[in-house]
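A quick write-up on the structure given underneath.
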There are 2 protein chains.
Amino acid sequence: MRSQKTEKHTSDALALVEEMTGKSKEMADLVEQEQANLDVAREIYALRIKAKLSQAELARKVGTTQSVISRLEDADYDGHSLAMLRRIASALEKRVEIRFVPSPKLTQA
Amino acid sequence: MRSQKTEKHTSDALALVEEMTGKSKEMADLVEQEQANLDVAREIYALRIKAKLSQAELARKVGTTQSVISRLEDADYDGHSLAMLRRIASALEKRVEIRFVPSPKLTQA
DNA sequence: GACAATTATCGCATGTTTGCGATAGAGTGA
DNA sequence: TCACTCTATCGCAAACATGCGATAATTGTC
């Protein structure tokens, strides 16, 4: 978990999303993507915590190293692959469900 | 859409899933993954058809080429990235929703 | 069959993710 | 403070997805 609270490091996607209600049209896409990245990162983090595992422990289950898990839990990281998400899910007795849902459209604030 | 019906090309994930009810434990994972790949490929295909677009047309909207779309709709392809799925979704006025759901466990047949 | 439109597949360059060790920083407890 | 655990971050090689053109294969129509 890089951004968020205490750290002033980089993005702070949440704050961004809340602040900019309806700026430009292209921005909406970027914000949405940040939201999505954030969600994936958060969910991995949440699942890991719920399973009471450290990054290193999850890494071992997944078959990788701690730094990789840390990277995946970084909200600014947007390089997720389905393959990796499935590996994580499988290690936690879950499976990944992908859905294409109608875009909110984000008209006005 | 490579596998399925008419073509005898490669995997035929569906048939596999139906045939092997409860072989080994490791196999279950592979089968599940095939299922998931199939679902993603199928959904992209379904969305594109519903939007009445050819692969070439969707490709243009997404900002890539026809062969790339074809690859994504191949049920045997398992190299999907979230980034690409989002591009597809965005081009079709959708967004991608990722969820980790409890694994069915697949005990016995 | 000939033709057009669409899709599947190949090959290769390029960009990106993963693998993984090393290391730094934060937090905890003795 | 030291020792320990956990997490963040860097750097680089290897593995992998994308970009994209060329070309086969498929399907439908006349």
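Here is how names work: the chains are called A, B, and so on, in the same order as the sequence lines, proteins then strands, and each is numbered from 1.
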Point to revise | Side-chain N,O (A/R48) to OP1/OP2 (D/dT7) below 4.0 Å | key: yes
Check your understanding: To the nearest Å, how far apart are B/D74 CG and D/dA17 C1'?
Key -> 14 Å
Check your understanding: How many Å lie between CD1 on B/I88 and C1' on D/dG19, as a whole number?
Key -> 14 Å
**Study point:** For B/A56, all residues meeting side-chain contact (heavy atoms from CB on, under 4.5 Å), sequence neighbours excluded
**Key:** B/S54, B/Q66
Review point. When the distance from CD1 of A/I44 to P of D/dT7 is rounded to whole Å, what number comes out?
Key: 14 Å
**Study point:** Any residue meeting side-chain hydrogen bond (donor to acceptor under 3.5 Å, both in side chains) with B/R71, in chain and number order, not counting sequence neighbours
**Key:** none
Point to revise | Rounded interatomic separation in angstrom, taking CD1 from B/I49 and C1' from C/dT6 | key: 10 Å
**Study point:** Gap between atoms CG and P, on B/L53 and C/dA5 respectively (whole Å)
**Key:** 17 Å
Check your understanding: Atom NZ of B/K52 to atom P of C/dT6: distance rounded to whole Å?
Key -> 14 Å
Practice item. Please identify each residue that fulfils side-chain contact (heavy atoms from CB on, under 4.5 Å) with B/S67, with sequence neighbours left out. Key: B/T65
Check your understanding: For A/R60, which residues count as a salt bridge (charged side-chain N to carboxylate O under 4.0 Å, His left out) partner, sequence neighbours excluded?
Key -> none
At a cut-off of 3.5 Å, list every protein nitrogen or oxygen paired with a nitrogen or oxygen from nucleotides 16-19 of chain C, distance to 0.1 Å.
| unit_1 | atom_1 | unit_2 | atom_2 | d |
| --- | --- | --- | --- | --- |
| C/dT17 | O3' | A/G79 | O | 3.3 |
| C/dT18 | OP1 | A/S81 | OG | 3.2 |
| C/dT18 | OP2 | A/Y77 | OH | 2.4 |
| C/dG19 | OP1 | A/R87 | NH1 | 2.8 |
| C/dG19 | OP1 | A/R87 | NH2 | 3.1 |
| C/dG19 | OP2 | A/T64 | OG1 | 3.1 |
| C/dG19 | N7 | A/R71 | NH2 | 3.1 |

**Study point:** Distance in angstrom units between B/Q66 CD and C/dA8 C1', rounded
**Key:** 7 Å
Check your understanding: Can you find a donor-acceptor N/O pair under 3.5 angstrom joining the side chain of B/Q55 to the base of C/dA8?
Key -> no
**Study point:** Heavy-atom pair with the smallest gap, counting every atom of A/I98 and B/E43
**Key:** O-OE1, 3.9 Å
Check your understanding: Quick one: side-chain contact (heavy atoms from CB on, under 4.5 Å) partners of B/A51, sequence neighbours excluded?
Key -> B/L53, B/L92
Point to revise | Electrostatic pair B/R48-B/E73, nearest N-O below 4.0 angstrom | key: yes
Study note, to complete from the structure: A/E73 CD to D/dC6 C1', in whole Å, measures 11 Å
Check your understanding: So which nucleotide from C/dA8, C/dT6, D/dA8 ends up closest to the side chain of B/S54?
Key -> C/dT6
